[in-house]
Amino acid sequence: MHNYDEYKGIAEHHLLDYLPQVDAKARTIYDSMKYSVMSGGKRLRPVLLLAACEYAGGETAEALPYACAIEYIHTYSLIHDDLPAMDNDDLRRGNPTNHKIYGEAVAILAGDGLLNTAFETLFRNLTYYFDDPKKLKRHISAALIIAKAAGVNGMIAGQLADVENECRECSIELVDFIDENKTGALLKAPILAGLILAGADEPTILHFASYAECIGKAFQVSDDILDVVGTEKELGKTIGKDSAQGKANYALVNGIEAAEKELHRLTVLAKEALEEACGDTSFFEELADQLEKRRS
């Protein structure tokens, strides 16, 4: 298997491959989409998809359209999340947010464009496997997993609960719901999609599903902690926003100490979930540790 930076490099090298060419009269939408897609970031989701596929014996080239599609979906969600009607943020990945460069209307359309481009990429990819029913079934299943994770029973559900419950007293159950959906859904989906593309067996998928659920929630708990104790320079975005907006932030609701304990508990559980998985799972175990310790 490759290391994290190698997977990241593969994904970034191909991120512009699937952005459609547009008429010169609509050039601004392409520029706006490209601006956010190429503004940096951890590329965690495409890395997870490529790594999971390769772990299960698949080829990264076959998984690339899915890796890029999920990064387009993630980027669209960030563009929309930063809008004044949502989190009203001016900084993302150390750069001005999309609407600060292109205006709110174009930013909304750029997000829409990236979401549609993601599914255009997935659907076009399916046409390459019409003569291979077995492989086509795997590709359709992987695409469906990504679509569901991005939808109203996944990321959008978490975002809605996040927005609707600002400045309200929140239960731990609600915080868990937000974390599992707003962030966790789009971290679980690439792992499962990558495994399915490679034809992984059911026990392997179940082990990794448990792993993915833990690191997905852990990632958001870590984000919540960093919003309280991190720095703008490290994070590349405005800090203290959750407190200012009364967000259902795990660290704010339960305290920093409890959040750090929960982060560690989830990291341990994630690694334990892979103990019975076949093959070398060290990449994923080390990644869980790195995500626990991250400062950005």
Side-chain angles (χ1 to χ4, degrees), residues 1-12 39-52 67 70-71 74-75 77-78 81-82 87 89 91-95 155 158 162 175-176 178-191 208 210-243 247-274 281-296:
M1 291 184 66
H2 296 79
N3 63 38
Y4 189 100
D5 288 338
E6 288 170 335
Y7 285 123
K8 180 180 177 181
I10 292 169
E12 289 192 324
S39 67
K42 290 177 279 295
R43 311 300 189 192
L44 177 58
R45 291 150 191 84
V47 166
L48 286 170
L49 197 149
L50 295 175
I70 203 160
E71 186 68 4
H74 175 56
T75 304
S77 75
L78 298 182
D81 206 38
D82 290 333
D87 281 355
D89 227 322
L91 196 65
R92 172 69 67 178
R93 294 170 173 170
N95 300 308
M155 180 185 68
D162 187 38
V175 175
D176 284 343
I178 293 171
D179 291 354
E180 289 165 7
N181 287 277
K182 183 179 179 181
T183 302
L186 272 191
L187 287 174
K188 182 179 180 181
I191 294 176
F208 273 86
S210 297
Y211 167 86
E213 287 167 5
C214 290
I215 67 160
K217 184 178 176 184
F219 191 88
Q220 184 58 55
V221 173
S222 176
D223 252 11
D224 292 349
I225 293 169
L226 292 174
D227 187 71
V228 177
V229 303
T231 68
E232 186 173 295
K233 183 178 180 180
E234 288 175 321
L235 297 176
K237 60 183 180 180
T238 308
I239 61 167
K241 294 280 292 184
D242 288 357
S243 177
K247 293 282 188 179
N249 173 313
Y250 194 101
L252 294 173
V253 172
N254 299 286
I256 289 291
E257 184 177 348
E260 289 175 341
K261 287 181 179 178
E262 177 67 359
L263 175 58
H264 182 67
R265 185 185 74 86
L266 290 166
T267 303
V268 171
L269 287 176
K271 293 187 291 184
E272 287 179 349
L274 299 182
T281 60
S282 58
F283 174 89
F284 300 96
E285 293 169 35
E286 291 167 8
L287 180 59
D289 286 330
Q290 291 164 5
L291 292 177
E292 180 184 8
K293 299 171 184 175
R294 71 187 179 99
R295 297 295 301 174
S296 65

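Sequential numbering from 1 along the given sequence is applied to the chain's residues. Computation of the quantities below employed the complete heavy-atom set of this structure, encompassing side-chain atoms and omitting hydrogens, waters and symmetry-equivalent molecules.
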Identify the two heavy atoms, one from Ser210 and one from Ala273, that lie closest to each other, and give their separation to 0.1 Å.
CB-CB, 3.8 Å
Within the 4.5 Å heavy-atom criterion, are Leu49 and Glu71 side-chain neighbours or not?
no
Side chain to side chain contact (heavy atoms under 4.5 Å, CB included) filter on His264, not counting sequence neighbours, yields Val268, Glu292
When rounded to the nearest 0.5 angstrom, what distance separates CD in Glu262 from OG1 in Thr267?
9.5 Å
Check whether Asp81 reaches the backbone of Ser77 with its side chain - one donor and one acceptor, N or O, closer than 3.5 Å.
no
Lys261 meets the salt bridge (charged side-chain N to carboxylate O under 4.0 Å, His left out) criterion, sequence neighbours left out, with Glu257
Val229 and Arg295: CA distance, side-chain angles, deciding distance, side chain to side chain contact (heavy atoms under 4.5 Å, CB included) verdict
CA-CA 10 Å; Val229 303; Arg295 297 295 301 174; 4.2 Å; yes
Sequence neighbours excluded, the answer for side-chain hydrogen bond (donor to acceptor under 3.5 Å, both in side chains) partners of Ser222 is Arg294
Distance, nearest 0.5 Å, that separates CG of Asp227 from CG of Leu252:
7.0 Å
Sidechain-backbone polar pair: Asn181 side chain, Met155 backbone, donor-acceptor under 3.5 Å
no
Go through the structure and list residues passing side chain to side chain contact (heavy atoms under 4.5 Å, CB included) with Thr281, not counting sequence neighbours.
Tyr55, Phe208, Leu274, Ala277, Glu285
Look only at the side chain of Asn249 and the backbone of Asp224, and say whether a donor-acceptor pair between them is shorter than 3.5 Å.
yes
Distance (rounded to the nearest 0.5 Å) between Ile215 CD1 and Thr183 OG1
12.0 Å
Which heavy atom of Glu12 sits nearest to which heavy atom of Gly41, and what is that distance?
OE2-O, 4.4 Å
How long is the gap from CG on Leu186 to CZ on Arg45, to the nearest 0.5 Å?
6.5 Å
Restricting to non-hydrogen atoms, name the atom on Ala52 and the atom on Pro190 that form the minimum distance, rounded to 0.1 Å.
CB-O, 4.5 Å
Derivation and outcome, side chain to side chain contact (heavy atoms under 4.5 Å, CB included), residues Leu269 and Glu272
CA-CA 5 Å; Leu269 287 176; Glu272 287 179 349; 3.7 Å; yes
Sequence neighbours excluded, the answer for side-chain hydrogen bond (donor to acceptor under 3.5 Å, both in side chains) partners of Tyr211 is none
Among residues at least two apart in sequence or on other chains, which ones pass side-chain hydrogen bond (donor to acceptor under 3.5 Å, both in side chains) with Asp176?
Lys217
Residues which pass ring pair (Phe, Tyr, Trp, His ring centres under 6.0 Å) with Phe219, listed by chain and number, not counting sequence neighbours
none
Residues two or more places apart in sequence or in another chain: which of them pass side chain to side chain contact (heavy atoms under 4.5 Å, CB included) with Asp82?
Asp89, Arg92, Thr97, His99
Does the pair Asp289 and Lys271 meet the rule for a side chain to side chain contact (heavy atoms under 4.5 Å, CB included), with working shown?
CA-CA 9 Å; Asp289 286 330; Lys271 293 187 291 184; 2.8 Å; yes
Side-chain contact test, heavy atoms from C-beta onward, threshold under 4.5 Å: evaluate it for Leu291 versus Leu44 and give yes or no.
yes
Listed by chain and number, what are the side-chain hydrogen bond (donor to acceptor under 3.5 Å, both in side chains) partners of Asn3, not counting sequence neighbours?
none
Could you pull out all residues at least two apart from Lys8 that satisfy salt bridge (charged side-chain N to carboxylate O under 4.0 Å, His left out)?
none
Using 0.5 Å steps for rounding, measure from the OG atom of Ser39 to the CG atom of Leu78.
8.0 Å
Show the nearest heavy-atom pair for residues Ile178 and Gly158, with the distance to one decimal.
CG2-O, 3.9 Å
For Phe283, what residues pass the ring pair (Phe, Tyr, Trp, His ring centres under 6.0 Å) criterion, not counting sequence neighbours?
Tyr7
How long is the gap from CD1 on Ile225 to CD on Gln220, to the nearest 0.5 Å?
10.5 Å
Report the residues that fulfil side chain to side chain contact (heavy atoms under 4.5 Å, CB included) with Ala212, sequence neighbours left out, ordered by chain and then residue number.
Lys188, Ile191
How far apart are the C-alpha atoms of Asp179 and Val221, what are their side-chain angles, what is the distance that settles it, and do they pass the side chain to side chain contact (heavy atoms under 4.5 Å, CB included) test?
CA-CA 7 Å; Asp179 291 354; Val221 173; 3.9 Å; yes
